[in-house]
Amino acid sequence: MKRYHLTTFGCQMNEHDSEHMKGMLESLGYEEAHERAEADLILFNTCSIRESADSRFTAHLGEAKRLKREEPERIVGVGGCWAQSVKEEVFERFPFVDVAFGPGQVHKLAEFLTSESLSAQGYFEFEGFTGHLPARRARPYQGWLQISVGCNCACSYCIVPSTRGREVSRPTTELIAEAQAMAADGVKEVTLLGQNVNSYGRDLRPTRTSFAELLAMIDAIDGIERVRYTSPHPKDMREDVIRAHAELPSVCEHIHLPLQSGSSRILKAMRRTYDRQRYMDRVALIREYVPDAAITTDIIVGFPGETEDDFKQTLEVAEEVGYDGAFTFVFSARRGTEAAGITEGLVPHRVKVGRMERLVELVQRRAHERAQRFVGRTLEVLVEGPSRTDPEKLRGRTRHNKVVNFGGLAAPGELTMVDIAAASSQTLSGEESLLARACR
Ligand code: SAH
Ligand code: SF4
Ligand code: F3S
């Protein structure tokens, strides 16, 4: 039996695509190898969002090159956003790569593997969603549902529109059927995926479905207990979507609302199409309808032209919102993007690092403060397995997407209730409630 080894970098989109790559390879008779050195097929699903993503991956590629030299009949395949972004030169720069494919071409991998072709092949046209391919889910009770691909935004720092193409929504009936099949398969938590999920459906013809309508249709499916989505764009965060969190039982009390910067001047240069005020209005609306919602975000520091005053505005917004968590990034110039061409007002590395430290300190302090509201409450937790820090304990997630380490007897995939005793900025801890134990 042939064996494959797949390494995944990047976002949930890639994790989702990788599950489908695995499912597809297994349906072709491949088996997963635990070590790269044992594999006949060495695969990478790549990301190019920041320079650090590129360098992490190219180090791995060096090992693949060595393994291929040792056993030339091995196949090396590179998929995903990095592959797409270097498509012109991939085979020239990396002659040991046999097959390269962009995010819209995962299915071509099967074609390549079953063809007689021995020459290097590249597949880069967007042709389809991976959703219809067989999947091998990492956790049987959690599933991804890719609702759209691509992005029609033009954020000046971002490589994604060039790697994932224009936005295309999947037909609603197809999504509902897929979610129903997942529920029948034991999936309890579904995460809707897209670069800009809340612009879903605008391109559908003849009938459009809005993102809020889609949420309601998925909520209505028996067996789906939790619905999450990532990422929404603040510009499309309409009242109907926010209300869905309050009104639909399965839609979780967590909203990821990427800020990027708190300065309207920088937001304009980033081409985010909202300003600080509009963003804060969205936050106020969330707090009005879903007062307890966890709000998380993405923030970039050191965008070209960011002054100390701009940065202070980011700190002000972070203080005011009180995020439950934030992903913070140092600006990284990406090939082909508008921001990579800016030569004035570049922020020195030392300044970027200093700002990052100040931001992280503030975000953590606020997240810690915010998390205290959970202490003393009994929260529903979806159990994921043993705790990473203490194998005697279990680990799971609340509807607010907080990780909980707790003592108890529940099995992975079960929904249980946990009495929360303590909270830090990152995790909660507690004990499975006696009532939940008694009901078992
Ligand atoms: N479509 C999503 C996710 C995009 S990538 C969204 O718009 O929210 C995830 C995050 O990476 C972005 O939100 C942004 O904060 C960060 N990011 C993207 N490009 C970047 C760059 N060139 N430098 C630093 N951070 C970047
Ligand atoms: Fe990139 Fe902006 Fe699209 Fe997100 S919305 S993927 S940051 S271009
Ligand atoms: Fe990376 Fe592509 Fe996702 S660049 S973050 S894998 S969309």
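All residue numbers refer to positions in the sequence shown, counting from 1. In each ligand, atom 1 is the first atom listed, and ligand 1 is the first ligand listed.
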Nearby protein N/O/S atoms (those under 2.8 Å) for atom 2 (Fe) of ligand 2, with water ignored: Cys155 SG
Which atoms form the tightest heavy-atom contact between [X] and [Y], and what is the distance?
X: Ser156; Y: Thr337; result: O-CB, 3.4 Å
X: Pro232; Y: Asn196; result: C-OD1, 4.4 Å
X: Cys252; Y: Arg228; result: CB-NH1, 3.7 Å

Residues Arg358, Glu361: salt bridge by 4.0 Å N-O rule: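 Salt bridge absent between Arg358 and Glu361.
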Salt-bridge criterion met for Arg93 and Glu88 (N-O under 4.0 Å): no
Side-chain (Asp324) to main-chain (Ile295) donor-acceptor, under 3.5 angstrom: yes
Test item: Arg265 side-chain N/O and Gly305 main-chain N/O as donor-acceptor pair under 3.5 Å: yes
Atom 7 (S) of ligand 2 [closest protein heavy-atom partner, distance rounded to 0.1 Å]: Tyr157 OH, 3.4 Å
Euclidean distance, Ser169 OG relative to Leu204 CG, rounded to 0.5 Å: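 Reported value, rounded in 0.5 Å steps: 4.5 Å.
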From CG (Leu43) to OG1 (Thr7), nearest 0.5 Å: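 Leu43 atom CG to Thr7 atom OG1 measures 8.5 Å (nearest 0.5 Å).
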For ligand 1, the residues whose heavy atoms come within less than 4.0 Å (ordered by chain, then number):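 Those residues closer than 4.0 Å to ligand 1 by some heavy atom are Ile49, Arg50, Tyr157, Gln195, Ser231, Pro258, Gln260, Arg272, Asp298, Ile300, Phe329, Val330, Phe331, Ser332, Arg334.
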Side chain to side chain donor-acceptor pair (under 3.5 Å) partner of Arg226, the single match among His254, Gln142, Glu380: Glu380
Protein N/O/S atoms closer than 2.8 Å to atom 1 (Fe) of ligand 3: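 Under 2.8 Å from atom 1 (Fe) of ligand 3 - ignoring waters, which are not counted - the protein N, O or S atoms are Cys47 SG.
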Glu31: which of Arg136, Lys2, Lys22, Arg3 passes salt bridge (charged side-chain N to carboxylate O under 4.0 Å, His left out):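 Exactly one pass, corresponding to Arg3.
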Proximal atoms of ligand 3 relative to Gln195 (non-hydrogen, under 4.0 Å): 7 (S)
Atoms of ligand 3 close to Arg164 [distance to a heavy atom under 4.0 angstrom, numbered from 1]: 2 (Fe), 6 (S), 7 (S)
Tyr323 six-ring centre to Arg370 NZ/CZ under 6.0 Å and within 45° of normal: no
Among Asp310, Ile300, Thr314, side-chain contact (heavy atoms from CB on, under 4.5 Å) partner for Ile266: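 Among the candidates, only Asp310 passes.
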Set of residues satisfying ring-ring contact (aromatic ring centres under 6.0 Å, His included) with respect to Phe44, sequence neighbours excluded: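 Expected list: Phe57.
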